[in-house]
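Reviewing the structure listed below.
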Amino acid sequence: MVDMNQLQALFGGTFDPVHYGHLKPVEALANQIGLSRVIIMPNNVPPHRPQPEATSEQRKAMVELAINDKPLFTLDERELRRESPSYTAQTLQAWREEQGPTRSLAFIIGQDSLLTFPTWHHYETILNNSHLIVCRRPGYPLAMENEADQQWLEDHLTHNADDLHTLPAGKIYLAETPWFNISATLIRERLEKGENCDDLLPASVLNYINQHGLYR
Ligand code: ATP
């Protein structure tokens with residue numbers, strides 16, 4: 001019998017700021033497939049992206065406020081504490097070594113990140129150490145940009161969530177999570193213009209942003 005309570009997942013990103021487009025799909029996912037724990041891991045210097053507007057401390061504080069009343073989530077500071085760029089492959093290798101070779105581990109990404117995934121540093125190492133669970137995100141195509149990447153996706157794809165629990169790593173699962181048309185970019189733009197963001201992120205995070213005068 002499949003033990004539905006052992007699968008842990010890491011969820012990395014900039015979280016500048018954390019919002020409902022991060023939290024709600026993942027909560028739905030946890031109910032659908034059974035996740036014992038989701039570890040939110042804000043990154044430090046994302047190699048392929050402009051620097052975040054909020055500091056590492058502020059992004060961490062906002063995640064802490066967002067997950068305060070949600071026992072599914074924990075926060076991992078290892079990438080925030082690192083001075084060098086955060087490479088997911090390196091982080092997942094370290095996590096695998098900590099957890100041992102047989103435990104099922106997963107890395108959660110949104111549909112936009114799946115499309116660029118084959119360009120990530122040592123992306124094959126990521127799949128050697130964990131499964132990839134993809135949440136739906138509006139505005140991004142469901143197929144990969146070129147044939148080689150589409151073939152790579154199909155080679156790893158599973159439609160059976162039990163595989164995520166019975167195998168330690170290596171599968172890609174496209175989860176049927178609800179769509180949220182929210183991005184941190186949209187929130188930063190709306191805050192800059194003084195527009196309402198009440199439906200886009202938790203009130204505790206919005207209060208923190210206002211108290212600290214972020215994204216103005
Ligand atoms: P930005 O707008 O600053 O680029 P973002 O909103 O895309 O930020 P990130 O912190 O970069 O947020 O995202 C972390 C992870 O969450 C990524 O894997 C991304 O695909 C996923 N994600 C972010 N927003 C959504 C959303 N609305 N639906 C599904 N996945 C999302």
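As the structure lists them, so they are numbered: ligands from 1, and atoms in each ligand from 1.
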Heavy atom under 4.0 Å from ligand 1: found in [X]'s side chain, backbone, both, or neither?
X: R136; answer: backbone
X: F11; answer: side chain
X: D112; answer: side chain

If you take the centroid of each ring, where Trp contributes its six-membered ring, are F15 and H22 closer together than 6.0 Å?
yes
Does a donor on one side chain sit under 3.5 Å from an acceptor on the other, for R136 and Q111?
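Side chains of R136 and Q111: no pair found under 3.5 Å.
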Between E154 and Q150, a side-chain donor and acceptor under 3.5 Å
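Yes, Q150 and E154 have a side-chain donor paired with an acceptor closer than 3.5 Å.
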Going by the order shown, which atoms of ligand 1 are within less than 4.0 Å of some heavy atom of [X]?
X: R188; value: 3 (O)
X: G13; value: 10 (O), 14 (C)
X: T185; value: 1 (P), 2 (O), 3 (O), 4 (O)
X: F15; value: 10 (O)
X: I109; value: 18 (O)
X: A184; value: 1 (P), 2 (O), 3 (O), 5 (P), 6 (O), 8 (O)
X: H19; value: 6 (O), 24 (N)

Only one of Q90, R96, E97 forms a side-chain hydrogen bond (donor to acceptor under 3.5 Å, both in side chains) with Q93, so which one is it?
E97
Would you call the rings of F107 and W120 parallel, tilted or perpendicular if under 30° counts as parallel and over 60° as perpendicular?
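Perpendicular, since the angle between the ring planes exceeds 60°.
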Sequence-distant partners of N128, side-chain hydrogen bond (donor to acceptor under 3.5 Å, both in side chains), two or more places apart
none
Counting heavy atoms only, which of R59, Q111, M41, R137 is nearest atom 23 (C) of ligand 1?
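Result: the heavy atom closest to atom 23 (C) of ligand 1 is in R137.
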Check each of G110, P17, G12, S113 against atom 15 (C) of ligand 1 and report the one with the nearest heavy atom.
G12
Considering the options T158, L105, L164, D163, which one meets the side-chain contact (heavy atoms from CB on, under 4.5 Å) requirement together with H131?
L164
What I want to know is whether F180 and ligand 1 share at least one N or O pair that is separated by under 3.5 angstrom.
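The answer is yes, given that F180 and ligand 1 share an N or O pair closer than 3.5 Å.
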Sub-4.0 Å heavy-atom contact, I182 with ligand 1:
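Flag set, I182 near ligand 1.
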hydrophobic_cluster_shared for W179 and I182, side chain cutoff 4.5 Å
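Hydrophobic grouping puts I182 apart from W179.
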Is the Lys NZ or Arg CZ of K24 less than 6.0 Å from the centre of Y20's six-membered ring, within 45° of the axis?
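Ring-cation test returns yes.
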